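Remarks on the structure that follows.
From a predicted model like this one, the values you see are computed outputs, not experimental measurements. Side chains included, hydrogens not; waters and symmetry mates left out as well; all remaining heavy atoms used.
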Amino acid sequence: MKKYRILGAPCYQINSVLEAKSFIKDFVNSEKGGYSIAINAEKIMMYSKISDIRRIMNNSILPIPDGSGAIIGMKILYNSKSIKLDLPKTIFECAHENKFSFFVLGATEEVNAKAEKVLNQKYPGINLLGRQNGFFEEESVVFQQIKKLNPQIVMIAMGSPKQEKLAARLNEVIPSALLIGCGGALNILTGEVKRAPIFYQKNHLEWFYRLVKEPSRFKRQLILPVFLLNLIIEKYKRK
């Protein structure tokens with residue numbers, strides 16, 4: 001996998017799920033540890049404006065294309081194609097295939113507990129060491145609980161950028177683990193939220209589907225035309 005910079009923000013080009021799985025498998029086995037970050041237009045625009053986000057993004061060992069913005073950015077700036085990786089699904093499959101141990105942190109207690117049941121049903125024998133919902137008071141207590149179990153992977157479902165900030169702190173406590181921010185993946189896994197139909201996924205229109213379903217997201221989507229304008233300006237600066 002090749003790493004590019006989209007308006008400064010790091011992002012891997014990913015050719016296939018198999019390529020991603022191979023990278024993840026080697027990284028987990030190396031015990032180097034680190035955390036992922038999902039790259040989309042919103043985070044790319046945050047990169048130059050928010051120093052904390054910039055630091056977290058720069059220190060991520062697995063910045064992956066999670067939105068159309070990252071895919072379009074690589075295409076416009078580098079004429080390079082990449083798939084949009086469903087990282088949580090890829091991680092669950094990789095953990096099952098390689099018997100990696102993992103811990104699930106985040107979401108409500110109802111969703112977290114249901115996710116445990118669904119994972120055990122979908123991936124029989126999967127090595128889930130423990131779980132904890134995202135509503136806790138003592139972060140240090142939860143961190144020590146996870147450290148004691150010593151999982152190879154920790155899935156963190158708390159939304160962005162909260163989950164990335166927490167992952168950066170947890171990385172200091174369990175430096176050998178791979179920490180994966182998975183946003184609303186547990187809600188999708190358990191059926192609490194439906195993912196956009198395949199047509200929208202393949203045509204990079206998931207943002208539009210979510211906007212129709214959740215009109216309150218309108219203000220957030222206003223960043224897209226600004227992002228595209230910045231890409232075009234950057235493209236012409238390079239000529």
| Rounded to the nearest 0.5 Å, what separation is found between the CD1 atom of Ile156 and the CD1 atom of Ile180? | 8.5 Å
| message | Quick check on the hydrophobic clustering: are Phe100 and Leu178 connected, directly or via other members, by side-chain heavy-atom contacts under 4.5 Å? | response | yes
| note | Minimal heavy-atom distance between Cys11 and Pro65, with the atoms involved, is SG-N, 3.6 Å
| note | Smallest heavy-atom separation, Ile53 atom then Pro161 atom, equals CD1-CB, 3.5 Å
| task | Look up atom CD1 in Ile83 and atom CD1 in Ile64, then write down how far apart they are to the nearest 0.5 Å. | result | 9.5 Å
| task | Check whether any side-chain N or O of Gln152 sits under 3.5 Å from a backbone N or O of Ser101 as a donor-acceptor pair, and report yes or no. | result | yes
| field | Carboxylate-amine/guanidinium contact Glu93 Lys89, below 4.0 Å | value | yes
| If you round to the nearest 0.5 Å, how far is CG of Leu186 from NZ of Lys114? | 12.0 Å
| request: Decide whether Asn59 and Tyr35 meet the rule of one side-chain donor and one side-chain acceptor closer than 3.5 Å. | output: no
| message | When you compare the side chain of Leu119 with that of Phe102, does any pair of heavy atoms fall below 4.5 Å? | response | yes
| Shortest non-hydrogen contact between Lys84 and Asp66, atoms and distance | CE-O, 2.5 Å
| message | For Ile61 versus Gly33, what's the shortest heavy-atom pair and its separation? | response | CG2-O, 4.2 Å
| said: Applying salt bridge (Lys or Arg N to Asp or Glu O under 4.0 Å) to Glu234 and Arg238, what does each step give before you reach the verdict? | reply: CA-CA 6 Å; Glu234 179 64 22; Arg238 296 182 179 192; 3.1 Å; yes
| message | Membership question, hydrophobic clusters at under 4.5 Å side-chain separation (ILVMFWY): are Val17 and Phe27 in the same one? | response | yes
| field | Gap separating the CG atom of Leu87 from the CD1 atom of Ile14, nearest 0.5 angstrom | value | 7.5 Å
| When hydrophobic residues are tied together by side-chain contacts of less than 4.5 Å, even through go-betweens, does Tyr78 share a cluster with Leu228? | yes
| Step by step, would you call Ile6 with Leu77 a side chain to side chain contact (heavy atoms under 4.5 Å, CB included)? | CA-CA 8 Å; Ile6 306 171; Leu77 298 179; 4.2 Å; yes
| message | Are Leu128 and Tyr123 packed together at the side-chain level, in the sense that at least one heavy-atom pair is separated by less than 4.5 angstrom? | response | no
| message | With a sphere of 6.0 Å drawn around CD of Glu110, does it hold more than 12 non-hydrogen atoms of other residues, nucleotides or ligands? | response | no
| task | Could you tell me the separation between the CG atom of Asn79 and the CE atom of Met74, rounded to the nearest 0.5 Å? | result | 12.5 Å
| field | Contacts of type ring pair (Phe, Tyr, Trp, His ring centres under 6.0 Å), residue Phe23, not counting sequence neighbours | value | Tyr12
| query | Shared ILVMFWY cluster between Leu129 and Leu179, side chains joined below 4.5 angstrom? | reply | yes
| said: Taking Met155 as the starting point, is it possible to reach Val28 by hopping between hydrophobic residues whose side chains are less than 4.5 Å apart? | reply: yes
| query | Side-chain contact, heavy-atom cut-off 4.5 Å: Lys32 with Ser176? | reply | no
| field | Enclosure of Lys75 NZ (heavy-atom neighbours >12, cutoff 6.0 Å) | value | yes
| Does NZ belonging to Lys3 count more than 12 external heavy atoms closer than 6.0 Å? | yes
| field | Minimal non-hydrogen separation, Gly159 against Glu164, with atom names | value | O-OE1, 4.4 Å
With a cut-off of 3.5 Å and sequence neighbours excluded, list every side-chain donor-acceptor pair involving residues 133-141.
unit_1	atom_1	unit_2	atom_2	d
Asn133	OD1	Phe135	N	2.8
Asn133	ND2	Glu109	OE1	2.8
Glu139	OE1	Arg169	NE	3.4
Glu139	OE1	Arg169	NH2	2.8
Glu139	OE2	Arg169	NE	3.0

| Heavy-atom count around Lys21 NZ within 6.0 Å, excluding the residue itself: above 12? | yes
| request: Output, in order, the C-alpha distance, side-chain angles, deciding distance and verdict of side chain to side chain contact (heavy atoms under 4.5 Å, CB included) for Ile146 and Val173. | output: CA-CA 9 Å; Ile146 297 172; Val173 178; over 6 Å; no
| request: Look up atom CG in Asn98 and atom CD1 in Ile24, then write down how far apart they are to the nearest 0.5 Å. | output: 10.0 Å
| said: Whether the side chain of Glu192 engages the backbone of Asn187 through a donor-acceptor N/O pair (distance < 3.5 Å, no angle test) should be reported. | reply: no
| field | Residue pair Asn127, Lys99: steps toward the side chain to side chain contact (heavy atoms under 4.5 Å, CB included) verdict | value | CA-CA 6 Å; Asn127 193 9; Lys99 306 300 181 185; 5.7 Å; no
| request: Could you go through the side chain to side chain contact (heavy atoms under 4.5 Å, CB included) check for Phe143 and Leu166 one step at a time? | output: CA-CA 10 Å; Phe143 281 11; Leu166 185 140; 4.0 Å; yes
| query | Do Glu42 and Phe227 have side-chain heavy atoms sitting under 4.5 Å apart? | reply | no
| said: Given 3.5 Å as the limit, does a donor-acceptor pair link the side chain of Thr90 with the main chain of Asp86, or not? | reply: yes
| query | Ignoring hydrogens and geometry, is there a side-chain-to-backbone donor-acceptor pair from Asn171 to Ala167 under 3.5 Å? | reply | no
| remark: In short, Ala20 meets Leu85 closest at the heavy-atom pair CB-CD2, 3.8 Å
